[in-house]
Every structure is written in structure tokens, then in C-alpha cells.
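A short worksheet on the structure shown next.
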Amino acid sequence: MRTSEYLLATQKETPAEAEVISHQLMLRAGLVRKLASGLYTWLPSGLRVLNKVAAIVRDEMNKAGAIEISMPVVQPADLWQESGRWEEYGPELLRIKDRHQRDFVLGPTHEEVITSLIKNEVSSYKQLPLNVYQVQTKFRDEVRPRFGVMRSREFIMKDAYSFHIEDESLEQTYQRMHQAYCNVFERIGLEYRPVIADSGSIGGAVSHEFHVLADSGEDDIAFSDQSDYAANVELAEAICTETRPDATQALTQVSTPGAKTIAAVAEMLDLDTKICVKTLVVAADEESGHKHIAIVLRGDHQLNDIKAIKHPLIATPFTMADEKDVTEALGCGFGSIGPVGLDMPILVDRSAAACADFVCGANEDDMHYTGVNWERDVTDFEVVDLRDVVAGDASPDGKGTLQIRKGIEVGHIFQLGDKYSKAMGCGVLTESGKHQILKMGCYGIGVTRIVAAAIEQNHDKFGIKWPMAIAPFEVAIIPMNMHKSHRIMETALKLYADFIAESVEVLFDDRKERPGVMFNDMELIGIPHSIVIGERNLDNNQVEYKNRMTGEKTLINIDEVLAFITNQ
RNA sequence: CGGUGAGUGGCGCAGCUUGGUAGCGCACUUGGUUUGGGUCCAAGGGGUCGUAGGUUCGAAUCCUAUCUCACCGACCA
């Protein structure tokens with residue numbers, strides 16, 4: 001490709017709306033343009049990257065035994081009513097009507113369509129298991145599209161669906177997909193982690209998310225420094241390895257005027273927040289017969305409401321108690337609550353339960369207790385895992401300690417069970433002639449999001465540094481003053497022809513631009529290899545090679561350039 | 001959905017308080033100059049100021065409505 005015949009579309013200035021680096025660079029490097037909120041046009045360079053990602057995904061899917069199909073973006077509402085998601089899904093589901101006033105949706109995902117298809121096409125156990133996939137445009141009417149294609153409304157996703165009679169078969173396919181996903185991210189060359197994910201409302205289901213590690217990620221990932229353990233912080237179990245020391249202090253009430261936060265109490269008493277304990281009051285589940293439930297956490301820890309909701313005493317959705325109610329019931333404000341003598345069920349986090357001689361509110365404004373001890377001063381309580389893990393916690397699998405990094409979710413695999421097949425009556429006849437509802441798995445990869453994630457992980461102040469596997473071009477030819485020098489033009493044209501002959505994807509910058517402009521554009525776009533042709537080096541029959549990823553520069557004999565690049 | 005802010009050539013912005021029918025930088029066109037890191041000089045083209053209505057002799061500027069976009073918010077004793 002010659003730049004003079006190409007839509008390079010690079011920009012010097014960053015549009016004001018771009019917040020994260022990948023969004024800025026995608027705009028500046030001419031990869032995408034915004035059409036409307038959450039809707040993007042893919043320009044030539046961007047599309048090249050996108051197609052490469054998709055090609056790798058397809059290849060790994062095919063290798064893992066999945067078969068490609070393609071389903072419509074527009075789907076009839078009936079299917080969604082059948083599965084129950086017409087009501088469940090909420091405003092993210094874009095609903096439209098056709099000219100006959102029939103309801104349709106723009107597919108945010110394709111479980112309904114595929115289940116309906118398999119129901120009609122597959123009738124015998126002999127045809128199973130089956131794993132089909134597509135690379136398709138999805139539409140989710142996001143509340144708040146942001147970060148460019150990272151969270152857009154229209155996006156491209158690879159989604160696969162598998163169908164099974166036996167759980168073991170589902171488990172097998174699930175493992176195969178897990179491996180295929182690892183292969184995909186390995187091949188693209190991204191630092192990633194498969195992460196244990198929320199099984200959600202569908203009970204007992206197994207689920208993993210695949211995260212690309214990047215500081216701009218929207219999720220916190222906890223992972224062990226010594227094992228494969230990795231989990232979303234929302235899910236990661238907080239285990240407490242400390243045992244509670246014996247009580248050494250007497251329960252003492254102290255005055256703490258105006259100290260309403262743990263930080264203030266700790267400072268006033270000149271203590272570590274670790275031995276201060278905070279007590280939160282939350283709404284109780286209606287059937288518990290209580291109004292409020294107390295949750296006790298160590299001062300330096302944060303409540304994890306996803307874990308809290310799982311406790312039968314706690315109301316769903318999770319709600320903090322109203323301060324007025326609490327003040328009425330306990331006679332003190334939020335800042336002075338403590339478990340001592342508290343008349344409500346008390347749930348204590350494991351780490352808080354390991355504290356001895358600790359500080360807590362005295363259930364009286366401006367008063368706290370010091371030297372508090374479990375069993376002795378508070379007898380009725382339950383110990384539960386209620387907090388977010390923090391860096392340095394012991395890994396739940398017993399190996400190593402946890403670290404926390406930000407991650408971008410780029411894949412999600414799921415053992416669905418029979419939620420859709422049951423609702424839609426998708427089953428086959430078994431060997432014994434009985435009709436049986438199928439088990440399903442579903443497996444998604446955000447193809448467009450991978451492009452953004454790859455940039456988040458690979459960039460510098462000059463621009464993008466594409467991993468070779470998904471670079472829009474492999475090599476750039478940058479001739480200095482070609483339009484004034486015959487031998488430079490000849491060399492450039494010869495090299496260009498050679499690369500094309502060898503099927504090397506080459507971008508030949510034949511614009512009548514100053515060298516700096518060309519250098520900057522090629523670096524911004526992030527082409528892995530550059531060949532700079534200039535008079536000086538040509539005198540020695542050499543050109544300069546530059547590696548975008550490493551910054552390394554070397555002189556190469558012209559005759560060896562082709563071999564040098566193809567050997568990379 | 002709530003809060004905040006913004007809509008002025010393709011992009012980034014100024015002008016608005018103190019109404020007098022638009023300006024700067026980048027980009028673009030032409031000529032010259034320069035040529036290993038976004039040259040310099042000159043001459044140009046392009047916007048009616050998100051939209052609708054109102055006030056006024058006169059509105060980008062004041063008022064009302066509306067649309068769009070961005071950022072923040074679901075973090076706590």
C-alpha cells in the first residue's frame with residue numbers, strides 16, 4: 001500500500017472527548033472515527049487490525065472444534081419473550097418495530113437465536129455435542145458509552161455456543177474453549193489473566209473472565225504471585241491467616257469528640273486503623289425478622305456488597321440503613337456504632353474477628369471503646385467473609401500472596417446450564433428414546449475491545465506499538481526526499497516490489513512530505529518495522545532499519561533487507 | 001437516571017460579562033523556500049456561531065425551550 005493512495009487520516013491534535021490513551025491514539029492514528037455516541041466507523045488501518053484479531057480468533061475457534069455460522073443482528077421479539085429476557089433485559093436492549101409494527105430487537109447477544117436454531121435442526125443425541133460460533137456485530141444501548149471502542153454501543157464480538165447432553169461433555173468443551181482463549185491472547189501477544197468470575201444469578205454455573213492487564217481497566221483483578229489463582233476482586237475470597245491474640249486490655253470507654261470516621265478516631269487515639277473496627281448497619285432481609293444487621297470490618301478494609309448480599313440475613317438489593325432510623329434505634333449516629341451491647345444480628349468479617357484489644361464505637365455519640373475483645377465483650381456474632389481482598393492478602397488457594405491490578409475484560413466463558421434450552425424447549429432424543437433438554441455453554445470474546453486493550457498495553461509517547469500479530473502493516477518504507485532523488489526512489493520502489501512479491505504487508509510512504517512528518521506518522525500508527533532510505537546510507541549500499549517495539553536501529557545492506565524482515 | 005460542564009470552519013480554541021452580522025492555531029489549496037525528526041515566507045478557500053422561538057433598529061453575545069456531546073456519580077460510619 002502506498003500512503004498516497006491510502007486513507008492515512010492521522011491527526012496532530014487529540015480530540016477533547018478522548019479520555020483514555022487507547023481512544024486518543026485510535027483517533028490520532030486514524031483507526032476509528034466517531035459517528036455518534038458509542039458508534040464508530042473503522043478506517044482502513046483500524047479495520048486491518050480488527051480483521052487480524054478476528055482471524056486469530058477464528059483460527060483458534062476452528063482448531064478447538066467450533067464451527068462458524070452467522071446469525072442476524074435484528075431478531076424477532078418473540079424469541080426474547082420466550083426466553084423471558086424481553087422483560088429481564090432492561091433498557092440496554094434496543095427495541096425496534098418494523099413497518100408492520102412488529103417488535104424486534106437489535107441483538108446484544110444471540111442465545112435465543114442459536115437455541116431456537118438448534119432446537120429445530122438437532123433432534124438426536126448422535127448430533128451432539130455441538131459448538132457453533134460467529135463473529136458478529138452486537139448492539140447494547142449502554143447507559144454510558146465511554147473510552148472509545150472500549151465501551152461502545154455497537155461492537156464486534158465472537159460468540160460461541162455449545163450444546164450437550166451430559167455435564168461432563170459441557171465441562172470438556174468449556175476447558176477446550178478456556179484453552180482456545182488462552183491461545184488467542186498468547187498469539188496476539190497480550191499480558192492477560194483468566195479470572196474466576198461471578199456466577200451471577202444462574203445458580204451453580206461456572207464462569208471465567210479473561211482480562212488484559214492495563215491501568216485503565218475498569219475491573220480490579222486479584223491474583224496470586226505464586227500460582228494461577230486469579231479472581232475478580234468482587235469475588236476473591238478474603239482469608240485470614242492470623243489467629244486472634246489473647247486479650248490484654250480491659251474494656252474502656254474513651255471520649256472521642258467529633259471523631260466520626262475511622263481515620264479521625266485512629267488519629268485522635270494515635271492508633272493504627274488496623275486495630276480500629278468499623279460497624280456498618282445495613283437493611284436486613286425481610287424474612288429474617290430483623291430490621292437492621294450490623295457488619296463489622298477492620299478499619300482498613302472495605303465492605304464487599306456482593307459477598308454481603310449472599311448472606312441470608314442481608315437484604316437484596318444491598319441497602320445501607322437510613323441514618324435517622326439508626327440514630328433513633330441506637331441513640332447515636334453512624335460514626336459511633338460498635339458491636340458491644342448492640343441489639344441486632346452481628347456479622348463480623350474474618351479479619352475483624354482476628355483483632356484483639358481493638359477500638360470500636362460505644363453506641364453513644366462522641367464515645368468509643370478501647371481494649372475491646374471478642375467473646376469477652378461481644379458474645380453473639382457470626383464470622384463471615386465480607387470484605388474486598390487487598391494486595392498482600394494470602395491467596396485463597398494457599399499459594400503465595402495476592403496482588404491487585406486493573407484489568408480490561410476481553411473474554412467471558414460460561415457454563416450456562418439449561419436456562420435457555422429449558423425456556424425454549426431445546427432438546428433431543430437420547431439413546432433410550434427419551435426427550436432431554438440440552439445443557440449449554442457460551443463463550444464470548446470482545447473483538448473490538450481487544451484492539452483498544454492492545455493499545456492500552458502497548459504504546460509510548462510517540463504512539464502505538466502494535467504486537468506483530470495484529471499490526472495493520474508489518475513494515476513501513478520511509479524514503480528521504482524521494483521526489484528529488486532518483487536513486488532513492490528506485491531503491492524504495494524496488495524494496496516495495498520485493499515486499500509485495502513476498503506477501504509482506506508493507507506501507508510505502510510516497511507522500512511528498514518532510515522526513516519528520518513521515519517518521520511521526522509511521523510511529524503514531526505503530527508499524528513494527530521501518531526501513532529508512534536516505535542518501536548517506538545509500539552511498540554504502542545500506543538502509544536504516546528501526547524497530548518500533550524496542551527502538552533499536554541498525555544499518556542493513558540493501559540486498560539483505562527482505563531476508564532480514566521476513567526472518568523477524 | 002442524577003450532578004456538572006460544553007456546543008463557534010475538518011480538529012483545538014478565543015469572542016459572549018459591557019449586543020453593532022466572526023477571529024486565532026493546526027489542517028487544506030497555490031507559489032516559493034527547506035529536506036534525516038511535525039521548516040519558513042507569501043497569497044488563498046472554507047464557518048452565520050447545535051436547533052427553534054423570543055427581546056431588540058440590530059443577537060454568536062440577552063431570555064425561553066429543545067437537541068446533542070463530554071466528564072463525575074451507584075465507595076461506607
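Predicted model only: the values in this text are computed from it and were never measured. Proteins come first, then strands; the chains are lettered A, B, ... in the order of their sequence lines, and each starts at number 1.
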Identify which one of A/T491, A/I478, A/L495, A/L562 satisfies the side chain to side chain contact (heavy atoms under 4.5 Å, CB included) criterion when paired with A/I531. A/L495
What is the distance, to the nearest angstrom, from the CD1 atom on A/I262 to the C1' atom on B/C76? 11 Å
Of A/M518 and A/A321, whose closest RNA chain B nucleotide lies nearer the 5' terminus? A/M518
Whole angstroms only, please: what is the CD-C1' distance between A/E234 and B/C75? 13 Å
Keeping A/R144 on the side-chain end and A/R151 on the backbone end, is there a donor-acceptor pair under 3.5 Å? no
Under 3.5 Å for both donor-acceptor distances, Watson-Crick or wobble: does B/U21 have a partner, and if so which one? none
Assign A/N537 to base, sugar-phosphate, or nothing according to its heavy-atom contacts below 4.0 angstrom with the strands shown. base
Do any side-chain atoms of residues 252-264 of chain A form donor-acceptor pairs under 3.5 angstrom with protein atoms, and if so which ones, sequence neighbours left out?
unit_1, atom_1, unit_2, atom_2, d
A/T252, OG1, A/A250, O, 2.9
A/T256, OG1, A/D366, O, 3.4
A/T256, OG1, A/H368, ND1, 2.7
A/T261, OG1, A/A264, N, 3.1

Does the base of B/G37 carry an N or O that pairs as donor and acceptor with the side chain of A/D521 under 3.5 Å? no
Under 4.0 angstrom, heavy atoms only, what part of the nucleic acid is A/G335 near: base, sugar-phosphate, or nothing? sugar-phosphate
Return yes if the base of B/G36 and the side-chain atoms of A/E544 contain a donor-acceptor N/O pair under 3.5 Å, otherwise no. yes
Considering only atom C1', compute the distance from B/G37 to B/G19 and round it to an integer number of Å. 49 Å
Both distances under 3.5 Å, Watson-Crick or G-U wobble: report the partner of B/U39, or none. none
Using atom P in both nucleotides, what's the gap between B/A27 and B/C41 to the nearest angstrom? 12 Å
Re B/C71: Watson-Crick or G-U wobble partner, both distances kept under 3.5 Å, found to be B/G3
Could you tell me the separation between the CE atom of A/M480 and the C1' atom of B/U39, rounded to a whole number of Å? 15 Å
Take nucleotides 24-33 of chain B nucleotide by nucleotide from the 5' end and write B, S or -, depending on whether a protein heavy atom sits under 4.0 Å from the base, only from the sugar-phosphate, or from neither. -BSS------
Sticking with atom P, work out how far B/C24 lies from B/A65, rounded to a whole angstrom. 35 Å
I need the CG-P distance between A/L25 and B/C11, as an integer number of Å. 19 Å
Please output the side-chain donor-acceptor pairs of residues 30-41 of chain A that fall under 3.5 Å, not counting sequence neighbours, one pair per line with the distance.
unit_1, atom_1, unit_2, atom_2, d
A/R33, NH1, A/L27, O, 2.9
A/R33, NH2, A/A9, O, 2.8
A/Y40, OH, A/H23, NE2, 3.4

Picking from B/G12, B/G36, B/C75, the nucleotide nearest the side-chain atoms of A/P515 would be B/G36
Would the number of heavy atoms belonging to other residues, nucleotides or ligands and lying under 6.0 Å from CG of A/D539 be above 12? yes
Are any protein N/O atoms closer than 3.5 Å to N/O atoms in nucleotides 67-71 of chain B? If there are, list each pair with its distance.
unit_1, atom_1, unit_2, atom_2, d
B/C69, O3', A/K34, NZ, 3.2

Which residues pass the side-chain contact (heavy atoms from CB on, under 4.5 Å) test with A/R405, not counting sequence neighbours? A/E191, A/L213, A/F223
If you measure from the C1' atom in B/G7 to the same atom in B/G15, how many Å do you get, rounded? 15 Å
Sequence neighbours left out, what passes side-chain contact (heavy atoms from CB on, under 4.5 Å) with A/F334? Give chain and number order. A/E323, A/V326, A/I337
Which of residues 381-391 of chain A have a heavy atom under 4.0 Å from RNA chain B? none
Just to verify, what does A/K97 make a side-chain contact (heavy atoms from CB on, under 4.5 Å) with, not counting sequence neighbours? A/Q101, A/D103
Only pairs under 3.5 Å count here: list side-chain donor-acceptor contacts from residues 522-529 of chain A, not counting sequence neighbours, and write none if there are none.
unit_1, atom_1, unit_2, atom_2, d
A/E523, OE2, A/K546, NZ, 3.3
A/H529, ND1, A/Y545, OH, 2.6

Indicate every side-chain donor-acceptor pair of residues 338-352 of chain A with a distance under 3.5 Å to a residue at least two apart or in another chain.
unit_1, atom_1, unit_2, atom_2, d
A/D349, OD1, A/L386, N, 2.9
A/D349, OD1, A/R387, N, 3.4
A/D349, OD2, A/S351, N, 3.0
A/D349, OD2, A/R387, NE, 3.4
A/R350, NH1, A/E237, OE2, 3.0
A/R350, NH1, A/A238, O, 2.8
A/R350, NH2, A/E237, OE2, 3.3
A/S351, OG, A/R387, NE, 3.1
A/S351, OG, A/R387, NH2, 3.1

List the residues meeting salt bridge (Lys or Arg N to Asp or Glu O under 4.0 Å) with A/R193, not counting sequence neighbours, and say none if there are none. none
Quick one: A/K553 NZ to B/G37 P, roughly how many Å, whole number? 10 Å
Could you tell me how far B/G38 sits from B/C75 if I compare only their P atoms? Round to whole Å. 49 Å
When the C1' atoms of B/G12 and B/A6 are compared, how many Å lie between them, rounded to an integer? 14 Å
Distance between C1' atoms of B/U64 and B/C76 (Å, rounded): 42 Å
Can you name the side-chain contact (heavy atoms from CB on, under 4.5 Å) partners of A/A453, sequence neighbours left out? A/V212, A/I408, A/V410
Between A/E523 and A/L303, who's closer to the 5' end of RNA chain B by nearest nucleotide? A/E523
Strand partner of B/C26, provided both Watson-Crick or wobble distances fall under 3.5 Å: B/G10
Does a distance-only test, which skips hydrogens and angles, find a donor-acceptor pair under 3.5 Å between the side chain of A/Q11 and the base of B/G10? no
Please name the nucleotide paired to B/A52 by Watson-Crick or G-U wobble geometry with both distances under 3.5 Å, or report none. B/U64
Base, sugar-phosphate or nothing for A/V281? Non-hydrogen atoms, less than 4.0 Å. base
Between P of B/C1 and CD of A/E142, the distance in whole Å: 15 Å
Scan A/I478 against the nucleic acid and name what it touches under 4.0 Å (heavy atoms): base, sugar-phosphate only, or nothing. nothing
Interatomic distance where CD belongs to A/Q24 and P belongs to B/C11 [whole Å]: 17 Å
Without decimals, in angstroms, what is the distance between A/L43 CG and B/C11 P? 14 Å
Nearest to the side chain of A/V517, which nucleotide is it out of B/G37, B/U39, B/G36? B/U39
Centroid-centroid distance, A/F358 to A/W374, less than 6.0 Å: yes
Please state the P separation for the pair B/G50 and B/U61 - nearest whole angstrom. 8 Å
Ring centres of A/Y6 and A/F508 under 6.0 Å apart? no
Quick check against the 3.5 Å criterion: does A/H301 have a side-chain atom that pairs as donor or acceptor with the backbone of A/G299? no
